[in-house]
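The block underneath contains the structure these notes are about, expressed in structure tokens.
Residue numbers begin at 1 in each chain, while the letters A, B, ... track the order of the sequences. Treat the numbers as computed from the prediction; the structure is a model and nothing was measured.
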Amino acid sequence: MTNRRDWPLWEVFVRARRGLSHVHAGSLHAPDAEMALRNARDLYTRRQEGVSLWVVPAAAITASSPDEKDSFFDPAADKIYRHPTFYDIPEGVEHL
Amino acid sequence: MSPELSGGQPATAGHAPDKLAGYALCLGDDALVMAQRLGEWIAASPQLEEDVALANIALDQLGQARSLLGYAGSLMQPVRTEDDLAYFRDERDFRNVQLVERSWGDRDFGIAMARMLVWSTYQLELYSRLTSSADETLAAVAAKAVKEVDYHRDHATMWVLRLGDGTEESHVRMQAGLDAEWPYVEELFDASYVDQQLLASGVAVDPSALRDAWNGRIEPVLAEATLTRPDLPPARTGGRRGIHTEQMGYLLAEMQHLARSHPGARW
């Protein structure tokens, strides 16, 4: 560990309960993955927010660029046939 | 009143409530003073993330202290509340070990992690045995606390490994931290303060019996961290008899002054 400002950034994903997927909760600094996981436990699950945690080096994430927003996302706007809105959803299905 | 206090009857009711209160007071004072010291790291630790981690750990210790002091006070004649015991006793009435009361040196993170390692490893061994105490309340408090202190131990272990087996400087400072705390470890295993009857009836845990298990956990961590087990004589202690270090008075002054300046004040 050189300067603490050199600690890499980690993105934290929390699974709230069984059956749900991990959701991005925020980010933190940590010297390595093990410590990142523990920091995530202390920062993001101290009020029982989760049953499982992932930490991912922020540098390992390839993100879409805001500049590409038009070509990436706008074409989906008028393709309503891609939505499964023409089906009846059975009662009792919560997470579709 | 916390849930663990609302159930169970003291196993020793009828023959030694004052002894049981005294025992709970020792364990409660340990946790209370450790919590108060740990609180000094908030906004002063090496990284924001560590501030939160240490604050969580301090609050776990405080929670244990509240349960234990509340229980001890309920057994006293006249009955005393957790606040009476925390804020309105003087130094000589506190029964904590000296390990937990001493300052962090010059706010030395190596000292903090060394102390947390030796302390939480001790608490883990103590509480895991106390879960089968013949006293239902102590057993319930311990059952909740044992998971907490296992995490404290893990947190300290992570840092001791990284600092001990880190850079040349971190190694030297981690070893210095360990050396600073080591003379105060012996007091943890002093059984002389625990009433024989409480031991015989399975209410209390014999601290001297924790030594081997404690060593069994500490030694592999020190070895992996490339640290040397200090060969230092025990300090002259006496926390269980109310004999404290100079730094205890300052800690109590900070902890108690608000409650004493405004007795009975409420949020």
More than 12 foreign heavy atoms under 6.0 Å from [atom1] of [X]: is that the case here?
{"X": "B/Y87", "atom1": "OH", "result": "no"}
{"X": "A/I61", "atom1": "CD1", "result": "yes"}
{"X": "B/E224", "atom1": "CD", "result": "no"}
{"X": "A/D78", "atom1": "CG", "result": "yes"}
{"X": "B/R37", "atom1": "CZ", "result": "yes"}

Toward chain B: residues of residues 37-53 of chain A with heavy atoms under 4.5 Å |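 Those residues of residues 37-53 of chain A which have a heavy atom under 4.5 Å from chain B are A/R38, A/N39, A/R41, A/D42, A/L43, A/R46.
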
Among B/D154, B/L48, B/N56, B/V52, which has the most heavy-atom pairs under 4.5 Å with chain A?
->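 The residue among B/D154, B/L48, B/N56, B/V52 with the greatest pair count is B/N56.
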
Check: A/D32 and B/R162 side chains under 4.5 Å, non-hydrogen atoms |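 Side-chain contact under 4.5 Å: yes.
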
Interface moiety of B/L59 toward chain A, non-hydrogen atoms closer than 4.5 Å |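 Contact with chain A involves the side chain of B/L59 alone.
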
Shortest non-hydrogen contact from A/H29 to B/E49?
->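 Answer, listing the atom of A/H29 first, then B/E49: N-OE2, 2.6 Å.
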
What pairs of donor and acceptor atoms, side-chain ones from residues 62-75 of chain A against any protein atom, are under 3.5 angstrom apart with sequence neighbours left out?
from	atom 1	to	atom 2	distance (Å)
A/S65	OG	A/D67	N	3.0
A/E68	OE1	A/S65	N	3.2
A/S71	OG	A/E68	O	3.3

